[in-house]
Structures are given as structure tokens and as C-alpha cells.
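First the structure, in the form of C-alpha cells, and then the observations on it.
Note: hydrogens, waters and symmetry copies are ignored here, and every other heavy atom, side chains too, is used.
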Amino acid sequence: MAHRTTPPFRADHVGSLLRPPALLQAREDHAAGRIDGDGLRAIEDGAVRQAVKMQEDVGLSVATDGEFRRASWHMDFIYQLGGVVRHPEERLTIEFHSDEGDLEAVFSGMHVEDKVGLRHTIFGDDFAFLREAVNGGTPKLTIPSPSMVHYRGGRASIDPEVYPELDAFWADLTAAYREEVRRLGELGCMYLQLDDTSLAYMNDPEQRKYVASIGGDPAHQHEEYIRHMNEALAGRQAGMAVTTHLCRGNFRSSWVAAGSYDFVAEALFNDLEVDGYFLEWDDERSGGFEPLRFMPKGKVAVLGLVTTKRGELESKDELKRRIEEAATYVDVDQLCLSPQCGFASTFEGNELTVEQQAAKLRLVVEVADEVWGA
């Protein structure tokens, strides 16, 4: 099996990390006016440096900034797109589930009230700082896919006077993304990840009902999203590795959707023009590995076998057994290993400690080395 020197790596991770207490306190202080923007930025810088060091210490070849400068994995990006307006007085409530019971996550509403465009390079300064903080590894930037701008509210969240037809909305949105990707490439970003819950959610019949409720076509919405993701990535810089991450919800160790990837797999693996897929397979809720039979040569599936939803460490033998099982559907050389999701898709984080987080990442590195000689 070939040693992977380009992303995704044999041992990889999705991106977000638990926020250190000092960073959470700094964000509270900034919101209360006790420290200014420069003061918050300095504390964020220190936290990012420590996060990079942790990733390097556990043996990863990739490093992210842990999404430490964000409150949410996706909304901090979406709110910076021109034409998108945050409506804090509107409350979007999403019900999450866990073994301990259900809980609700409440987000501000958003509307597309003007032509969508790119006003500045979103997360550009953040990536530039990460690039300089990384010592020898590959810096990765994570951003939400364009699908997420639509999936939050569908037709009802897009002003019909601005966009009487959705085709014009998609044309502007994907053009903004293309420019963002181009600018990130100029900054030296050679590992970009589009995070997308919608494509995983649509494996769940209940989520397909939601798609219908927001004016979409539940039988084909995933195909439309894939087409627009390709438009967003068209013309990306040569050598830029692009992956996508698909999970079924991740908030304080809880989840939203369930179901095998079978519903979207054929189109997802064959039509989406990315190099690799971070896929959630940490429990029975995610179904089996059968959808991997659609994975074409030249693409990579990153198996999310190590859960970020609890701190107990998985067995190496069990992880290896599951990798072997996945390899019955796709060549083992097309597989990598990672946690199933981020450790903190929102600032609250999942229910485990920073020590357990590091142990999980170290486990991924050790198992990948033993399986692939990573």
C-alpha cells in the first residue's frame, strides 16, 4: 500500500477541537466589552498555536486551527457572505438526540436579502495565521459547503424580489464560492474541506420530509447540491486537495439524523468532484459499509470510526476489524482513518476532556501506522 503524502492522510481528522477555558472566557469578556478585538485575537492566536502543537505532538500530518475563532462550524462563514443577513430575533430550533435524551439547539435566523457575493476572503487571515503556525505539516481549512446556505431555510429564506428564480441565487452563490476558493489558493491553502450535513441528513426519511417542506425535491435534492458544489470548486488551483465531510449532526455529543449512506452514495461518490470523503461510521446509526461499493478508483474514503461523542477509547483490534470489513467493499488503499466528526462543531464542544481528545487523535495515528504504515 502506498504511503500517502497528499491529503487526505491515512491518519486525519475532521477539524474542530475543544475550546480551552481561557478562550471561552475571552470570548465572554469580548462580548461584555471587557476586552477589545485585539485582545481577543491575541488570546485566540495563543490557543491556535497550542492546538497546532497538540496535533503535531500526537503525530498528525495535518493541522487545523480547531475552528477556535468561530462559534459555529458553518454560520460564522455564512453570515460573512454578501447578501446574507442574520436575524437574531428569529430562532431556528433543531432537535438533537443522544443516549441520555433529547436536547434543542437554538440558532439565529438568516435571510438572503440582497445579491450574494464575496465581500472579503472569509477566514483568509485565520488561514494565513495557521499556515505560519504549522511546522512541517499540512494546514487544512474547513468551510461549510454552499448547500448549507440553502438547507437552513430553503426558498422561504431567500427574498423573492432579489431572486425570483433560484437558478440566479445558485449562480451568484457558487460564483462567490469559486472566488473564495481561488483566493484561498493564492494564500497557499492546498487542503480545503467542505463540510456538509445536508447530504448525510438526506439519507434519513424524516430529513427528506424537511427538504419537501422547504420547497425542495426530496428525491433529487442531493443531486442538485452535488452539482452546485462542483460549480463552487470549478477552476480550483492545481494541486489543491479538496475533501468533504458528511455527518448527521454533532452538538454537545448529540445527533440529528440516522440512516445508511445508500440513498446518496452513488451520486455522491461518482459525481462530486472531490478527492476524499470524511464519513461517519462510529455506531449503528450510520449503517454499514455497503455504500462504499460505489467508490470509484482515485478517490478516498476516510473512515470516521473513532467517536468524538464520548471519551472512552476504542479498541485497536476493533478498529482494525472494521477497516478490514470496509475493505471488502473498496480497496484498502482507498481508505484512511479519522474521528467521525469534529470535537466541537460549536463552541460548547462535546462531552469529553482535552486529554481524551488528544488520546483519540493519537489512537487514530497509531492504528493508521499499524494498518498502512502511515
Side-chain angles (χ1 to χ4, degrees), residues 3-24 43-70 73 123 125-143 184 187-193 195 241-243 245 247 250 276 278 282 300 302-309 311 313-314 316 319 336-347 349-350 352-374:
H3 174 68
R4 288 193 65 83
T5 57
T6 57
F9 298 102
R10 295 297 187 196
D12 215 311
H13 76 109
V14 169
S16 67
L17 299 168
L18 295 170
R19 275 54 160 184
L23 177 57
L24 293 173
I43 293 170
E44 290 174 341
D45 289 351
V48 169
R49 290 191 187 96
Q50 287 299 312
V52 169
K53 183 178 186 302
M54 181 275 290
Q55 293 167 82
E56 293 171 344
D57 286 348
V58 301
L60 288 164
S61 299
V62 59
T64 74
D65 65 3
E67 302 176 5
F68 280 1
R69 305 186 198 273
R70 312 180 206 178
W73 65 276
F123 301 156
D125 290 343
D126 301 347
F127 177 78
F129 182 88
L130 173 66
R131 183 193 64 213
E132 297 305 314
V134 171
N135 298 301
T138 299
K140 175 167 79 168
L141 182 65
T142 63
I143 64 174
L184 292 173
L187 286 173
C189 179
M190 301 307 286
Y191 189 2
L192 179 66
Q193 181 173 296
D195 291 327
V242 178
T243 59
H245 168 239
C247 89
N250 187 55
F278 283 78
D282 63 328
V300 175
V302 187
L303 303 178
L305 305 180
V306 174
T307 191
T308 65
K309 288 181 164 57
L313 209 57
E314 288 80 358
K316 281 188 178 183
L319 293 175
C336 298
L337 180 65
S338 78
Q340 117 282 346
C341 197
F343 291 91
S345 297
T346 63
F347 72 90
N350 284 351
L352 71 168
T353 68
V354 293
E355 292 79 14
Q356 289 170 325
Q357 171 182 257
K360 295 261 182 180
L361 293 173
R362 189 176 293 107
L363 175 65
V364 167
V365 171
E366 290 174 355
V367 172
D369 186 59
E370 292 171 17
V371 172
W372 293 282

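Gln50 is linked by a side-chain hydrogen bond (donor to acceptor under 3.5 Å, both in side chains) to nothing, counting only residues two or more places apart in sequence or in another chain. By the side-chain hydrogen bond (donor to acceptor under 3.5 Å, both in side chains) test, Asp12 is found to be paired with Tyr191, residues two or more places apart in sequence or in another chain being considered. Evaluation of the side-chain hydrogen bond (donor to acceptor under 3.5 Å, both in side chains) rule for Thr346 yields Glu348 as partners, not counting sequence neighbours. Every residue meeting the side-chain hydrogen bond (donor to acceptor under 3.5 Å, both in side chains) condition with Asn350, not counting sequence neighbours, appears here in chain and number order: Asn250, Thr308. Legend: residues meeting salt bridge (Lys or Arg N to Asp or Glu O under 4.0 Å) with Lys316, ordered by chain and number and at least two apart, are Glu366, Glu370. Annotation: salt bridge (Lys or Arg N to Asp or Glu O under 4.0 Å) contacts of Arg69 (sequence neighbours excluded): Glu44, Asp45, Asp126.
Between Gly66 and Arg19, the shortest heavy-atom distance links the atoms O-NH1, 3.5 Å. Between Val302 and Pro8, the shortest heavy-atom distance links the atoms CG2-CB, 3.7 Å. The two atoms that bring Pro7 and Thr138 nearest to each other are CG-CG2, 4.3 Å, heavy atoms only. Scanning all heavy atoms of the two residues, the minimum distance from Leu18 to Val354 falls at CD1-N, 3.8 Å. Of all non-hydrogen atoms in Val52 and Val134, the two that sit nearest each other are CG1-CA, 4.0 Å. Scanning both residues, Cys189 and Phe127, for their nearest heavy atoms gives CA-CZ, 3.3 Å.
One distance of note links NE2 of His13 with SG of Cys336; it measures 13.5 Å at 0.5 Å rounding. Distance CD/Glu67 to CZ/Phe347: 14.0 Å, rounded to 0.5 Å. One finds the CZ atom of Arg362 at 10.5 Å from the CD atom of Glu355 (value rounded to the nearest 0.5 Å). Note that NZ of Lys140 and OG1 of Thr64 are 7.0 Å apart. Values are rounded to the nearest 0.5 Å. For the atom pair Arg10 CZ and Ser61 OG, the distance stands at 11.5 Å (nearest 0.5 Å). Separating the CD atom in Gln356 from the CG atom in Leu363 is a distance of 12.5 Å, to the nearest 0.5 Å.
For Gln357 (side chain) and Leu352 (main-chain N/O), no donor-acceptor pair under 3.5 Å exists by modelled atom type. A distance-only check finds a donor-acceptor pair linking the side chain of Glu56 to the backbone of Asn135 [under 3.5 Å]. Looking at Arg131, its side chain does come within 3.5 Å of a backbone N or O of Leu187 through a donor-acceptor pair.
Counting only heavy atoms from C-beta outward, the side chains of Leu337 and Trp372 approach each other to under 4.5 Å. At least one side-chain heavy atom of Thr307 sits under 4.5 Å from a side-chain heavy atom of Glu314. Between Val14 and Pro339 the shortest side-chain heavy-atom distance does not fall below 4.5 Å.
Exactly one of Leu141, Thr142, Ile143 qualifies for a side-chain contact (heavy atoms from CB on, under 4.5 Å) with Gln193. That residue is Thr142.
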Checklist entry - Is there a side chain to side chain contact (heavy atoms under 4.5 Å, CB included) between Phe343 and Lys360 once you walk through the steps? => result CA-CA 10 Å; Phe343 291 91; Lys360 295 261 182 180; 4.0 Å; yes
